[in-house]
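Lettering follows sequence order; numbering is per chain, from 1. Quick note: numbers below take in every heavy atom, side chains included, and nothing from hydrogens, waters or symmetry partners.
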Amino acid sequence: MPLEQEFLQYPMRRHGMDHDRYEWSNLFERSPIEWPGKKSMALLTVIPVEFFPLNPVGKPFKAPGSMITAYPDFRHYSTRDYGNRVGIYRFLKLFSKIGLKGSFAVNSQVAERYPGLISDIIADGHEIIAHGINMDTLHYGGLDEKTEATQINTCINTIEAISKQTIKGWISPAYSQSFNTPDLLSAAGIEYCGDWANDDLPYTMRTKNGELINIPVAQEISDRQIITNNHHTEESYVQQLKDQYELLQDESSRFGGRMMSITIHPYIMGLPYRINALKEILEWFMQSSTTWSATSGEIVTAFNKSKK
Amino acid sequence: MQDPQLYDYWPYKNRKKITWKNNARIAFWIAPNIEFYELNPPKNPQRTPWPKPNPDITGYSMRDYGNRVGHYRMMEAMDKYNIRGSISLSVAMCQHHPEIIQACVDRKWEFFSHGIYNTRYCYGMDEMQERAIIEDALKTVKEATGQTVAGWLAPALTHTEKTFDLIAEYGIKYTCDLFQDDQPQPIHVKKGRLISMPYSLEINDVICYNSYLHSPRHYGDIIKKQFDTLYEEGEESGTVMCIPLHAYLVGHPHRMKAFDEALAYITSFKDVWITTAAEIADYYYEHYYE
């Protein structure tokens, strides 16, 4: 039996991408981007604020950070909750000290559980973006469109009611999307999302409801990737982030503004023995005269301005 | 079959002395994999292209980073040390991103076939189907670059029992699919000639970064160590060293410095033939093939 004929047919073999969501473009041939104050390096700091249910369904997969042992997995449940109680306050204290602005990607169920945490984040001048309902309510190919629209609207409405802010940014739980997600996000008033890590600068996506900006949040240098998945040391983490910054900074002198994007989880980098490594690298970024610490919304505003 | 009898057993001692071009003791080449992964590929009965349901945008965008960003960064580093790439090419890249193909043509890089897409696997293909992808690869690369494909690395390293016989029949000179040696070796095929070209899974950035989870600095170190040993042994009989790369991995900012330093190290030695896979193959056929 040979393979089905479908397997040797290539209907999307054509110039450009094999979908219509965005155009291909070479990072090094774009018009140089300008950040405010002539800074060359935008520093985007994303802090996921996540709720991991004790009884995950894991459909169609368990999001990284989900429960691991047989039910009831109190060890991982409380380990994740540590992040939202202790680790995140270590972050807030550090950010205030060094003047860093964060973009906090919040599961709406965290906002419901801990409205005081949301107030504290806002009081310190940080940005709130939406991050789905919880880490077991995923967006994925095969999810019914109406169900997904409800998930998105529930999340945004809940966070807006609690934060009293208009939510414009989105990161999907586990960065997972269906074919419909960008269309549904823009229908819900979302202007930018951070799910596709395929670039070093923001770019424009097409949706049924107009443009959506994708901010590629680097996943290869997230704390989850370097510390949790790769088991590298804190020293190596700092080294890798410095190397990332220096290379992008070098490019910025030739190609225009660059973006250094990092993701730090309160339950990973917020541990007592890791927080000083985080402090070291964030201070190092902030001491550079080229750094513009910005929220995702500010980066999108500057990107849109630079486009015109 | 239990034993495919692909090649003879050659102990690594008392081998015929190989001396590479200009009396070099080591032939060094770099294999950038320039690949296209599809957003919505059909499922091969033996292997699902993506771990998550289509669209697996995390895996897809990770690969797409190479085509938007990584290749250009990798090219700049290789230009700096005058190293031409031998490209393991998903040939559909000639349709999707001819701009990237042109940047390689401009650099006189070499193209060999890595199948149509890296999300299409050969498992379960009958002979006519496998012939179709070989013919497609030869034709597509010829039309896009003027080059005749001389080498093969099966898409996603997926094969059939007939793969080597078929590619040899179509005049392919070398295969990167076998990992039995640090020197080229004749492969047993029904018609024509074929040699194995040392490629490497062990210092391949996919394996080092995604399987062994090495840090960038550690990866740079093991490239240097791999070189040191093969350089030393090359005095007795010439060796081949390849660094297989994927711009979606090595092309990230935090990994470029260590990679750059490794290239600076290798190119600082004498008696190193910095070349391409087809040039190594031609030299081997001319001087050492028996």
Side-chain angles (χ1 to χ4, degrees), chain A residues 1-4 6-10 12-19 21 24-29 60-61 140-143 172 174-179 181 195-200 203 216 218-221 226 229-233 236 239-248 251 258 260, chain B residues 36 38-45 51-58 60-69 71-73 76 92 95-100 103 116-117 120-129 132-133 136 209 213-218 248-249 252-258:
Chain A
M1 266 294 283
L3 284 180
E4 293 294 328
E6 179 201 20
F7 204 79
L8 282 96
Q9 289 163 351
Y10 315 103
M12 301 305 281
R13 191 173 176 180
R14 63 181 191 185
H15 186 240
M17 304 311 297
D18 62 337
H19 56 78
R21 196 53 87 186
W24 177 82
S25 134
N26 169 358
L27 174 69
F28 299 91
E29 286 180 350
F61 61 92
Y140 57 92
L143 178 64
S172 300
Y175 309 107
S176 182
Q177 292 191 353
S178 73
F179 285 106
T181 308
D195 290 341
W196 298 62
N198 55 348
D199 211 298
D200 284 334
Y203 63 91
Q219 294 172 15
E220 295 283 328
I221 55 156
I226 292 179
N229 295 352
N230 296 346
H231 307 282
H232 297 164
T233 63
S236 179
Q239 183 71 67
Q240 291 178 54
L241 266 57
K242 281 185 183 173
D243 286 349
Q244 176 100 356
Y245 188 97
E246 285 178 341
L247 189 116
L248 291 170
E251 286 183 358
R258 285 286 190 254
M260 172 91 198
Chain B
F36 201 98
E38 298 160 283
L39 187 64
N40 196 18
K43 182 181 178 302
N44 180 293
K52 296 170 190 164
N54 294 351
D56 185 343
I57 68 150
T58 49
Y60 181 88
S61 56
M62 178 190 190
R63 274 44 172 227
D64 192 32
Y65 183 89
N67 292 340
R68 297 173 71 89
V69 180
H71 295 309
Y72 296 94
R73 219 170 249 152
E76 188 175 85
Q95 281 82 39
H96 289 290
H97 301 314
E99 302 86 352
I100 295 171
I116 316 278
Y117 286 107
R120 304 278 180 140
Y121 313 123
C122 297
Y123 301 130
M125 281 188 182
D126 68 12
E127 184 175 323
M128 292 312 292
Q129 292 177 327
I133 66 158
D136 186 323
Y209 284 131
L213 312 178
H214 289 332
S215 70
R217 300 286 168 129
H218 186 58
Y248 70 81
L249 290 171
H252 277 276
H254 67 302
R255 295 185 176 129
M256 289 305 296
K257 185 172 187 174

Carefully, step by step, assess B:Ile100 and A:Trp24 under the rule side chain to side chain contact (heavy atoms under 4.5 Å, CB included). CA-CA 11 Å; B:Ile100 295 171; A:Trp24 177 82; 3.9 Å; yes
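What you find for B:Pro55 and A:Gly141 is that their closest heavy atoms are CD-CA, 3.9 Å. Between B:Ala103 and B:Tyr72, the shortest heavy-atom distance links the atoms CB-CE2, 4.4 Å. When all heavy atoms are compared, the tightest approach of A:Arg258 to A:Leu248 is CG-O, 3.4 Å. Taking each heavy atom of B:Ile133 and A:Tyr10 in turn, the nearest pair found is CG2-OH, 4.0 Å. A:Ala197 and A:Pro216 get closest at one heavy-atom pair: CA-CB, 4.1 Å. Across all non-hydrogen atoms, the minimal contact from A:Met12 to A:Asp18 is CE-O, 3.4 Å.
Taking chain B as the reference chain and counting heavy-atom pairs below 4.5 Å, the highest number among A:Thr181, A:Asp200, A:Leu241 is found for A:Asp200. Among B:Tyr65, B:Tyr209, B:Tyr117, B:Tyr121, the residue making the largest number of heavy-atom pairs under 4.5 Å with chain A is B:Tyr65. For the set B:Glu99, B:Met256, B:Lys257, the count of heavy-atom pairs under 4.5 angstrom toward chain A peaks at B:Glu99. Put simply, of A:Glu6, A:Gln177, A:His19, A:Arg14, the one with the most heavy-atom pairs under 4.5 Å next to chain B is A:Arg14. Contact count against chain A (heavy-atom pairs under 4.5 Å) is highest for B:Pro216 among B:Pro216, B:Pro45, B:Pro51. Here A:Glu251 is the residue among A:Lys242, A:Glu29, A:Glu251 with the most heavy-atom pairs under 4.5 Å with chain B. Taking A:Glu220, A:Arg13, A:His232 one by one and counting their heavy-atom pairs under 4.5 Å with chain B, the maximum is reached by A:Arg13. Contact count versus chain A (heavy atoms, under 4.5 Å) is highest, among B:Lys43, B:His71, B:Glu76, for B:Glu76. Counting heavy-atom pairs closer than 4.5 Å to chain A, the top residue among B:Ile57, B:Val69, B:Asp126 is B:Ile57. Between chain B and the residues A:Gln239, A:Gln9, A:Arg21, the most heavy-atom pairs under 4.5 angstrom are made by A:Gln239. Chain B forms more heavy-atom pairs under 4.5 Å with one residue of A:Asn26, A:Leu27, A:Thr233, A:Ile226 than with any other, namely A:Asn26.
Of the atoms belonging to A:Gln219, it is side-chain heavy atoms, and not backbone ones, that fall under 4.5 Å from chain B. Looking at B:Asn44, both its backbone and its side chain come within 4.5 Å of chain A, counting heavy atoms on both sides. Heavy atoms closer than 4.5 Å to chain B are found in the side chain of A:Tyr203, but not in its backbone. Residue B:Glu127: no heavy atom, backbone or side chain, is found under 4.5 Å from chain A. Contacts of A:Leu247 with chain B are made by side-chain atoms alone, with heavy-atom separations under 4.5 Å and no backbone atom involved. For B:His214, the part sitting under 4.5 Å from any heavy atom of chain A is the backbone (N, CA, C, O) and nothing else. When heavy atoms are compared at a cutoff of 4.5 Å, B:Arg73 approaches chain A by way of both its backbone and its side chain. Residue A:His15 touches chain B through both its backbone and its side chain, counting heavy-atom pairs closer than 4.5 Å. For a residue to count as touching a neighbouring chain, one of its non-hydrogen atoms must lie under 4.5 Å from one of that chain's; by this rule A:Met17 touches chain B with backbone and side chain alike. Heavy-atom distances place the backbone of A:Ser178, and not its side chain, under 4.5 Å from chain B. For A:Ala174, the part lying under 4.5 angstrom from a heavy atom of chain B is the backbone only. Looking at B:Ala92, both its backbone and its side chain come within 4.5 Å of chain A, counting heavy atoms on both sides. In this structure, the portion of B:Tyr123 lying under 4.5 Å from any heavy atom of chain A is its backbone and not its side chain.
For B:His97 and B:Phe36, the ring centers are positioned less than 6.0 Å apart.
For B:Thr58 and B:Lys52, the side-chain atoms include at least one donor-acceptor pair closer than 3.5 Å. In this structure, a donor-acceptor pair under 3.5 Å is absent between the side chains of B:Asn67 and B:Tyr248.
In terms of the ring pair (Phe, Tyr, Trp, His ring centres under 6.0 Å) criterion, residue partners of A:Phe28 (sequence neighbours excluded) are, by chain and number, A:Phe255. For A:Tyr175, there are no ring pair (Phe, Tyr, Trp, His ring centres under 6.0 Å) partners, not counting sequence neighbours.
Ring-plane geometry between B:Tyr60 and A:Trp196 is classed as perpendicular, the angle between the planes exceeding 60 degrees on a 0 to 90 degree scale with a lower cut at 30.
Formation of a donor-acceptor pair under 3.5 Å by the B:Asn54 side chain with backbone atoms of B:Pro41 is found in this model.
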